[in-house]
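Reading through the structure tokens given below for one structure.
Here is the naming used below: chain letters follow the sequence lines, and residue numbers restart at 1 for every chain.
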Number of protein chains: 2
Amino acid sequence: MSNDIYSTYHLYPPPQLSEIKTTVVYPATEKHLQKYLRQEVYLIRETGEDYKNITLPFIQSQSFSIQWVYNILEKTAEADRIIHENPDSSNGFILIPDFKWNQKQLDDLYLIAICHRRGIKSLRDLTAEHLPLLRNILQEGKEAILKRFGVAGSQLRIYLHYQPSYFHLHVHFTALSYDAPGCSVERAHLLSDVIDNLELDPQYYQKRTLTFALRADEALLKKFQEAGKA
Amino acid sequence: MSNDIYSTYHLYPPPQLSEIKTTVVYPATEKHLQKYLRQEVYLIRETGEDYKNITLPFIQSQSFSIQWVYNILEKTAEADRIIHENPDSSNGFILIPDFKWNQKQLDDLYLIAICHRRGIKSLRDLTAEHLPLLRNILQEGKEAILKRFGVAGSQLRIYLHYQPSYFHLHVHFTALSYDAPGCSVERAHLLSDVIDNLELDPQYYQKRTLTFALRADEALLKKFQEAGKA
């Protein structure tokens, strides 16, 4: 499997040993390297104002490529891996197995729904306008996983990350019994709760204080420190 | 260390090997055994009505002893382990290391704040009336951990479980870098978010739909199934 700077390889040692699966990132940026280094982490409580004044300008100043996402949406890469697609340009999405899952056992089931619509950076951009998209992802994602893998919706953890690792809206589907990386309370937001919150208040995610962790050498942490907020 | 049916033992093998710490539960109930068996898990979306009609009657029908909690609050057990106490009977609490933490390294730091006031079963019982208690736990808990262990509040994950494993209000403090059991999004609720939610709406936790996972053989799951809700 190869898509933009990401590719995966399988090594098949003698059958009594475990199979080895590897993901290669080439060329890797400084931000990729940081992701895999052990670091001190700090909790940030980001108000709606902090997002506008600190986080959003920071995101806009970055040029972290998401070409690999567009390759999937345009089917110039990984087209054969698509599990489900709703092709609607506003409310549609593609469901695809995550890089980390080899699809051989259900214990660590991990898929990603990537929305077709561009420009929704994260949870912070969501309003009531996006409810049809979010409901489609929740409903059709569960149905497609039941149909293809036989796993019921009640055995799935369906959530968004905040901060996400790339700024094009996507939703994680993992096996509920799998202690998946990034499913802890300081990063994951259940899609059902997101839908409830937007139904209650269309501006919920523009106003609320959101908590997330940043590693010591992340540039965004420095921005919060400079603003006296961390 | 010994408290009611719980006790811990340390085994010191030759120094090149790891120390072994064990927790003994004797006598153990069926519910204790279930906790440590591998099981299929299912997600429940519990509305406020479901709580009143299904979960609350179920909790009230159970007689799972929390004598060990009262022993801590009355100082008939573990009194020498207390890290901090606010003795106020309404808004006070005791902060104590969790059973699972041996206090030797900060990597898996884990403490519990147990409130003095009785009768607050869980998150579902919290209203604006409990804000002073919750703010005390957040503020004094962070200060006490900084003072005793040198770990700053920004490096702590501070949260409640829903469902909790015992129905006397308590708050978990774990090292942010520690992938602690029970810190995933379908069980943990950040104390800061709980405070924000109660400030926004005093009845927030009586009304909202809350998500949690239940193991296949838990009696509460059967109650939800009988009601056609799982």
Interchain contact, A/D201 with chain B, by part (heavy-atom threshold 4.5 Å): neither
Heavy-atom proximity to chain B below 4.5 Å, by part of A/R208: side chain
Based on non-hydrogen pairs under 4.5 Å, which of [options] is most in contact with chain A?
options                : answer
B/T209, B/N197, B/L210 : B/N197
B/A188, B/A213, B/S192 : B/S192
B/H189, B/Q155, B/E40  : B/Q155

Flag side-chain contact, heavy atom, 4.5 Å: B/L126 against B/L160: yes
Chain A contact via B/R45 - which portion, at a heavy-atom distance below 4.5 Å: side chain
Region of B/L156 in contact with chain A, defined by heavy-atom distances below 4.5 Å: backbone
From CD1 (A/I82) to CD1 (A/I96), nearest 0.5 Å: 5.5 Å
Spacing of B/E143 atom CD and B/L95 atom CG [to the nearest 0.5 Å]: 11.5 Å
A/K223 to A/F58 six-membered ring, cation-pi geometry met (6.0 Å, 45°): no
Near-ring test B/H172/B/H170, centroid separation under 6.0 angstrom: yes
A/Y178/A/W101 aromatic ring centres below 6.0 Å: no
